[in-house]
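Numbering of residues begins at 1 and proceeds along the displayed sequence.
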Amino acid sequence: MIALVDCNNFYVSCERVFAPRLEGLPVGVLSNNDGCVVARSRELKALGVAMGAPRHLLPPAIRRQAVLLSSNYALYGDMSRRVNAILAEFSPDVEVYSIDESFLSFAGFDASTLEVRGQRLRETVGRDTGLPVCVGLAPTRVLAKVANRAAKTIAAYEGVCRLGADDPATRALLQRLPVGALWGVARRTAERLALMGIETAWQLREADPKLIRRTFSVVLERIVWELRGHAAIVLEDMSEPRQRIMVSRSFGRLTGERHELEAAVRQHAARAAEKLRRQRYLARAVMVMVRTNRFLAGEAQHNNNVVVPLARPSDDSRTLLAAARQALGALFREGYRYQKCGVMLLDLVDARHHQLTLYDARQSESAKGRSQRLMAAVDKLNREMGRDTVRFGLPRHHNAWALRCERRSPRYTTRWDELMTVRTG
């Protein structure tokens with residue numbers, strides 16, 4: 001059996017752990033620079049606030065009633081780590097799927113004890129972190145997703161739902177579940193399935209796997225087998241091979257200063273390079289984009305991007321930063337006030353299996369080794385000592401591209417100077 005453990009309304013729940021006054025109130029968490037709503041409590045959803053709704057377009061009545069907070073990713077990441085540390089006490093095999101979801105294997109466990117274990121897991125996570133979680137138990141990952149959805153939405157399950165491949169309860173759930181709500185079925189795929197008369201998860205389960213494979217993909221065929229109770233999917237099946245890595249962000253205020261754009265591009269390129277190395281890829285090209293605010297009437301507009309190809313694939317921050325700086329030099333125009341810039345690493349190749357050129361074959365092994373050791377040292381220092389402990393260039397104070405986090409709660413668990421304080425008497 002496989003369990004999917006999902007934290008309910010994760011970002012909002014993290015905020016409520018340290019601010020119990022938010023319980024029962026409509027709470028939303030905003031995106032970078034406080035632009036859009038990216039997480040909503042049940043109470044905020046009930047007010048009709050959609051995911052991704054721009055904050056400035058929310059009706060005044062909702063803005064007065066709701067509590068809207070800036071994203072606090074340091075807090076959310078640390079709370080996620082704490083949850084997974086608890087999950088490791090219940091199973092030796094934990095697969096982290098996202099910041100708020102993890103799969104657990106219960107292979108070899110007594111099947112009759114699993115629902116009790118699931119309830120104890122919920123209680124332990126709630127006791128030790130304050131976060132509410134739901135548990136879906138099933139023989140496959142896809143069915144575990146369905147079970148978790150039922151545990152979250154059907155009160156009778158009390159937060160833990162166990163489904164068998166051929167149980168009447170499983171059939172009833174799949175017959176009511178739209179095929180587009182299944183894990184791994186995109187909207188366009190659901191539309192094409194509907195044209196074939198497949199509109200529910202049960203109809204997909206009963207479809208011919210070979211026909212599904214010929215018409216769609218091997219992944220969708222595996223979903224059919226998973227719905228039938230045959231394990232056929234690993235997590236890598238559910239993510240497309242990366243073709244690009246993008247880091248971009250709106251500025252806290254408009255700027256026409258070149259040095260501020262250079263600092264922002266340098267920061268974005270360095271962050272993209274970290275992601276590239278963590279995923280063991282190399283980039284063949286770097287793209288830089290700049291944007292003004294098209295919604296400001298009377299403001300001069302300049303929206304463009306430039307791609308700089310690399311002489312050979314690289315994951316060295318110095319090489320990528322040099323290309324990004326070259327691209328910005330070709331883009332920047334005096335007289336414009338920019339709102340956003342971004343860096344995209346393109347044409348990615350697997351660092352372990354890419355094709356060498358004649359130049360690569362002759363390149364000094366010591367030079368490549370020095371680059372790899374240097375980048376590994378930088379990444380390790382930043383990982384263990386804190387982000388930006390080692391960085392390429394120092395930003396000025398009060399730069400335009402710094403995040404606007406006017407509504408961020410304290411980073412209670414990762415900053416000594418932001419620990420919770422208790423007043424007595």
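Pairs engaging residues 12-45 under the ring-ring contact (aromatic ring centres under 6.0 Å, His included) rule: Phe18-Tyr412 [sequence neighbours left out]. The list of salt bridge (Lys or Arg N to Asp or Glu O under 4.0 Å) pairs with a residue in residues 98-126, not counting sequence neighbours, reads Glu101-Lys145. Sorted by first and then second residue, the side-chain hydrogen bond (donor to acceptor under 3.5 Å, both in side chains) pairs with a member in residues 165-182 read Asp166-Arg205; sequence neighbours excluded. Residues in residues 11-27 take part in these side-chain hydrogen bond (donor to acceptor under 3.5 Å, both in side chains) pairs, two or more places apart or across chains: Glu15-Tyr76, Glu15-Ser409, Arg16-Glu43. For residues 107-166, the set of pairs meeting the ring-ring contact (aromatic ring centres under 6.0 Å, His included) definition, not counting sequence neighbours, comprises Phe106-Phe109.
Taking the side-chain hydrogen bond (donor to acceptor under 3.5 Å, both in side chains) definition, one finds that Arg411 meets it with Glu418, sequence neighbours left out. For the salt bridge (charged side-chain N to carboxylate O under 4.0 Å, His left out) test, no residue two or more places apart in sequence or in another chain qualifies with Glu89. By the salt bridge (charged side-chain N to carboxylate O under 4.0 Å, His left out) test, Asp128 is found to be paired with no residue, residues two or more places apart in sequence or in another chain being considered. For Val306, the side chain to side chain contact (heavy atoms under 4.5 Å, CB included) partners are Val308, Ala327, Ala330, Leu331, not counting sequence neighbours. With sequence neighbours excluded, no residue forms a salt bridge (charged side-chain N to carboxylate O under 4.0 Å, His left out) with Arg325. Glu191 meets the side-chain hydrogen bond (donor to acceptor under 3.5 Å, both in side chains) test with Arg187; sequence neighbours excluded. Shown here are the salt bridge (charged side-chain N to carboxylate O under 4.0 Å, His left out) partners of Arg337, two or more places apart in sequence or in another chain: Glu299.
When each of Arg278, Arg277, Arg271 is checked for a salt bridge (charged side-chain N to carboxylate O under 4.0 Å, His left out) with Glu274, only Arg271 meets the rule.
For the residue pair Thr413/Asp78, the side-chain donor-acceptor check at 3.5 Å is satisfied.
Around NZ of Lys380, the count of heavy atoms belonging to other residues, nucleotides or ligands within 6.0 Å does not exceed 12.
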